[in-house]
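No experiment lies behind these values; they were computed from the predicted model shown. Quick note: residue numbers are just sequence positions, from 1.
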Amino acid sequence: MLAVSSSPHRFSLPLLPAGTSTTAPPLLSPRRRPLLASRRGHCVCSPRRRPRRGGLLRAVAGRRAGIVIDVDGVDEVGDRDLPVDVSFTRRLPPVLTLGDGLAALRRAGEEVKASPPAAASGVIRFEVLVPPSSKALKWMCTQFKRSSLFPQFYLSRKPTTDPSIQLEISGAGSAICFHGSSRVKNGFDLISRYLSFNSHLIRAYGSEGVKYNKELLAIEERIGSFYFFIPQVELSEFDGYSMLSSTIVWDDSVSHTFEDSVFLFESCFRQIWTSYDSSATICYESMVTNYIGESRMSESRNTQLVYLDAEFLSVIDGKAGMEKENYPTSDQSFVRFSPQFLFCANMYFCIAPGSRSSPLALSATGHPLTTCISCYDERSLGFHALGYGRGSRKPAIVITSSGTAVSNLLPSVVEASQDFIPLILLTADRPPELHDAGANQAINQVNHFGSFVRHFFSLPPPDDQMYARMVLTTVDSAAYYAMQAPQGPVHINCAFREPLDYRYQDWSVNCLKGLDKWFINREPYTRYLGMKMVSALGDYSCSVMEVLEIVKKAKQGLLLVGAIHTEEDIWAVALLARHLSWPVAADVLSGLRMRKVQNSFLGLDKSILFIDHIDQILLSESVKSWISPDVIVQIGSRITSKRVGTYLESCCPSSYILIDAHPCRHDPSHIVTHRIQATIAEFAASLCQCSFQRKTRRWSDILMVLNSAVSQEIMFQVHSELALTEPYVAHVIGEALYGDATMFVGNSMAIRDLDMFGKGWIDHCTNANNAMMHHFPGFIGAPVAGNRGASGIDGLLSTAIGFAIGSNKHVFCMIGDISFLHDTNGLSLLNQRAQRKPMTVIVINNHGGAIFSLLPIAKTASTQIMEKFFYTSHDISISKLCAAHRIEHFVVQTKTELHDALVKSHVGHVDCVVEVENRIVDNANFHRIISMFTDHTATMYLEYLLGGPYCKGELDGLSVGRINAAEYMFYRIQLAAPRTSRISESSFFHEGLILKLCMDDNIMGFGEVAPIEIHEEDLLDVEEQLRFLFNRMKDAELDVVPLLRGSFSNWIWTSLGIPPSSVFPSVKCGLEMAILNLLASQRTDRLYDTFTGSNEVECYQSSEASIEICALVDSSGTPMEVALAVVKLVAEGFTTVKLKVGRHENPAEDAAVIQKIRETVGYKINIRADANRKWTYKQAIDFGSREPVDSVNDIIKFCENSGLPVALDETIDNLRGDVIPKLHQFSHPGIVALVIKPSVVGGFENATYIAKWAHMHDKMAVISSTYESSVGSPIKTDKWSCYNFG
């Protein structure tokens, strides 16, 4: 929709979605409402596929206006449909602030000016990533309201799961524009000259159906006309990050030289710098609506802001392109060509019903610039306001009546005070004469909240003898105290006399004295301004220089990140972490733990050394004794993990530096040696200006490996457990945080589970144009909020709802059942869907307080005492509570049901409560199991890593050397009979390759590649791939950690530069075999004993290292021939025979073969029948054997109906990707064994993973050979000899 002026055809081009009303009540009196006037204009649109040649192009090029091309004057396009001579995008390093981004673009322009390209035409675009807090609409409202740089535009698009698609874009200035009233196809041809696939974000914005009026410098509505422009500067807002960019366009053919374009570029940035205000905090949510809400505006549905890029112009059809629906459009947009602009703030009021507070409530609800919500419960309302402040970092205003209504706000005031959340309380009160006089609902409300508020003021009852400016200065000071560090709640007590309706009182206007200036502007009456002192001695004080020196000299530095509240701070910490190159232990509330990783391959990424599972790593006493950071830098005050806090008390680093914006002492362990009061961005900026020597230390590398090992153990445990567990919910909830979703987590067990087991999600994006693929940080921070000031379980639901409104995101709230029942009145707030996105509330219902089952008291107190006084067990129906408030409700009891419910909550766009059923006992047991396994994993990997040869020099990492030679040898093995695969019946031999890798000191490792046709591998292809790999492996650093899932694949990717998925499974297995053999040759201890040694948790080791070898026999001969063959095998010492059945038309013939074997040999040998999924279900029932059918469902059906045990073979071969969820379908007790071929499943890492799952579910893991030689088979046997898999 287009809002136009009352003039028939002339307008200032604001655009809104269809259906948006432009009728709105006046926001200000006529004397305070500025008029909107058009100063400049253009707008154009039209399609074209292939250009024409010839003709003369006439253009106007001005130093101040950029290139202006009037397409009406173009008879033929000629050669000007060809691309410009130069077109590229230069991506600059990311910066800490938007101001830094502007400075970076300005410097880039100066550099290109100093070294101009030798080209007659070109387009150069500069891009720089800025913090995600840099919002397109806010930038437009706050930085260009007084700018003379035009045109200014804004557009938004609906969020998408693809982070490479912009959500909002704003910009200013015109590097080049095109307009005309006809020849639209010519216009498209000319535009395509300046757009490039290499610079895919360069776009032309504009519209069709409008005409540029040169005389009036305005835009007129005109069918068939068009106007498009490439902006000079843009701010593109993506999902999780923002990008600032600027474009330089020159073309000698239209008399606009490179010097002209640089002059325009410099002029543009001079104007931007003139109007730039880094402290601008104007609220801008309703700016577009208010802008078009002028009474002089009328509607037009004929014009919409669209954009063109190279991809669109390359595929557009000449005729189809004329239709407007073919253009890429926006959901909401406007263009401004005039310096006048109307925007306003929007305050959020939370109102509790009451008589004494009615003057406040009526004033708030009657004001056009407010949003109001109400609730009958003041406690819930207070927490709701707290949540709004937590999400928006702006104070909500709470209005209550007098008496205990005020007291009910205390819990939320305490939380806001403890966690530095801005909040303004307006409490109504009785007048002074009714206090201490027994008056109804009159209590002492003076300093009611004591030290928990930052400021208190008691206003007298209003009358015309009190100057209004006293009220204004009181409110302004209260707002200042709420927002000034340390932020927090402020309390204004407002006394009112009856009658409470003041509208008809004849007051003297003398009380308005001194407000003339305030009436005609939009600024506060009292503006609080800050001044920064600049030292003549330098940028830093001596104390700060001391901290910088400590950081520089740190040998084992640890960056500990606590709770962070804003996207800007998350961005700053990410930049600092990369700059320091220290291990980063991130709290669950830091926004870095639940990050969304943008990566093309999952590996051990070392750009930032995240230690996500520090809490679980510290379960190991060995690790706690080993970790000894000498310097700890903590950013953000609060740490969730009690285990981490306990460790900090005992680690005693030489320096402990704490940075936070507030001045309060947050040092419960009493170990802080340096306390810096500064914003995170300020501290990060100071350190990022200093150069630090990048070091890869053994200490950091070991921490990374321990974190990866523990992370994989947690992942294995939560996914391998068939039941839906609370750790599983915490582990997978991060996968739902895509698009604009964020999270609020409750206290008690919920936040502890998320801190221990939570993780983000990984987007294996393949879009090469995604900016995050080319730029640090490579991930999107995901803010997670929680009430950790006082850490209570009250008011959590109400807080989450307020957080959803304040953050303007789809919030997933995860809380326990007791917390939910504590705040059921919050459901009334959830039912009010005003101005917020849908919410998903996940209630972990274990029918009591599960956290007490993990405390020491649970081991000593009786079950009755625990259930009644600690668990507070209940059987309350959450579904009926939701039904009473008309809230959609789901109950989930399985993993599949949970995933389905989360998907429904995303696509349904409605509020819903997802209830996860669980039991306290089951939860406690599973927590203990995970703790035991993670403890063991951390201990074993540390033992291996410290037991290896220490690296020479401080700068070395975990590398054990370099591969200095690699070779292979061809072999052919004579077979006694053709292969049972029947692919090549005449072939009585098997071919393969023996690998040898060499390192220094004559250390060698051997492996074998044994491809077979049944698995679609050809020896020639395998050999060619090996030659290529060996060429890349020359002098490759070997930093593989044995059997750490992903370590070998990551080495293939990072050291060889080859995607692991492109390597043949047999090649990957043989190469891994050789490398493991190589690593084992270096050590005096047995390499695999480290990971599979005797332990009360890992029970894999057998008492005797003996492996039963299984012979392979084909049943295609007569029964007697097969029986005689088995007799020979028994004589050779074999105890087990795998008999290939399914070779005959009738399964009864196979049964006769087995019967003859038993008659001849007796029961001296075990017979395993293998049908290779050849039979139908009916045939399998007739016989009964190992994996006899070709359908997974039929396998389960066969087990249930026949009662015969089944082992899986080919089914395991076909598993790809993340195998654990796929293995769950085989948990049926009738499936007793899994046959695992390392050379088929992709190596020993994957084989170990599958075998571990089999053991966990009481199934035999059978490691199968694939015709390996006498070299490969013993190596494979040795690697598995310590496992009792059978």
Side-chain angles (χ1 to χ4, degrees), residues 613 616 619 708-732 756-757 894-896 918-919 921-941 1043-1046 1088 1090-1102 1192 1195-1196 1199 1205-1209 1211-1212 1215 1217-1238 1241-1264 1279-1286:
H613 297 287
Q616 296 292 285
L619 282 167
S708 297
V710 169
S711 175
Q712 290 177 19
E713 187 63 45
I714 291 172
M715 186 182 304
F716 176 82
Q717 293 296 330
V718 298
H719 284 285
S720 296
E721 174 61 41
L722 299 179
L724 176 60
T725 63
E726 296 180 27
Y728 178 85
V729 177
H731 190 70
V732 303
M756 289 188 292
F757 310 121
T894 66
K895 294 179 178 180
T896 301
N918 212 310
R919 295 174 65 244
V921 175
D922 295 340
N923 177 62
N925 289 337
F926 191 57
H927 274 81
R928 293 187 183 101
I929 289 173
I930 295 180
S931 296
M932 286 191 298
F933 274 97
T934 52
D935 179 359
H936 168 74
T937 298
T939 300
M940 291 299 100
Y941 272 95
L1043 300 185
L1044 177 61
R1045 193 163 187 250
Y1088 295 90
T1090 302
F1091 302 102
T1092 58
S1094 176
N1095 185 275
E1096 66 274 15
V1097 179
E1098 297 279 2
C1099 302
Y1100 298 153
Q1101 186 176 1
S1102 106
V1192 173
I1195 292 175
I1196 305 300
C1199 293
V1206 170
L1208 300 183
D1209 189 349
T1211 301
I1212 303 301
L1215 295 179
D1218 189 4
V1219 299
I1220 297 301
K1222 300 171 185 175
L1223 286 171
H1224 284 331
Q1225 59 187 321
F1226 309 129
S1227 60
H1228 191 279
I1231 299 175
V1232 299
L1234 274 61
V1235 179
I1236 308 166
K1237 306 184 187 77
V1241 299
F1244 292 95
E1245 288 179 6
N1246 291 338
T1248 305
Y1249 213 54
I1250 298 172
K1252 190 174 181 180
W1253 182 91
H1255 176 81
M1256 181 177 182
H1257 293 277
D1258 297 322
K1259 302 182 188 302
M1260 180 183 295
V1262 179
I1263 307 304
S1264 176
K1279 300 301 176 276
W1280 295 91
S1281 61
C1282 52
Y1283 291 90
N1284 188 21
F1285 291 144

Could you check Glu721 against Gln717 for side-chain hydrogen bond (donor to acceptor under 3.5 Å, both in side chains), going step by step and ending with a plain yes or no? CA-CA 6 Å; Glu721 174 61 41; Gln717 293 296 330; over 6 Å; no

With side-chain contact (heavy atoms from CB on, under 4.5 Å) as the test, would you mind laying out the steps for Ile930 and Gln616 before giving the verdict? CA-CA 9 Å; Ile930 295 180; Gln616 296 292 285; 4.1 Å; yes

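Under the salt bridge (charged side-chain N to carboxylate O under 4.0 Å, His left out) criterion, Arg919 pairs with Asp922, not counting sequence neighbours. With sequence neighbours excluded, the residues that form a side-chain contact (heavy atoms from CB on, under 4.5 Å) with Ser931 are Leu619. Contacts of His719 classified as ring pair (Phe, Tyr, Trp, His ring centres under 6.0 Å), with partners at least two apart in sequence or in another chain: Tyr728, His731. Taking Ser720 as the reference, Phe716, Ile1220, Trp1253, Met1256, His1257 meet the side-chain contact (heavy atoms from CB on, under 4.5 Å) condition, with sequence neighbours excluded. Judged as a side chain to side chain donor-acceptor pair (under 3.5 Å), and not counting sequence neighbours, Asn918 has no contacts.
Expressed to the nearest 0.5 Å, how far OG1 of Thr894 lies from CG of Leu722 amounts to 11.5 Å. Expressed to the nearest 0.5 Å, how far CZ of Arg928 lies from CG of Asp935 amounts to 15.0 Å. Tyr941 OH to Gln712 CD: the interatomic distance, rounded to the nearest 0.5 Å, is 7.0 Å. Taken to the nearest 0.5 Å, the CE atom of Met1260 stands 14.5 Å off from the CD1 atom of Ile1231.
Summarising the geometry of Lys895 relative to Val718, their closest heavy-atom pair is NZ-O, 3.0 Å, with the distance given to 0.1 Å. Considering every non-hydrogen atom in both His613 and Val710, the closest pair reads CB-CG1, 4.0 Å. Listed here is the closest heavy atom pair of Leu1234 and Ala1254: CD2-CB, 4.3 Å. Closest heavy-atom contact between Ala1247 and Ile1236: CB-CG2, 3.7 Å.
Within the 3.5 Å criterion, the main-chain N or O of Ala1251 finds no donor-acceptor partner in the side chain of His1255.
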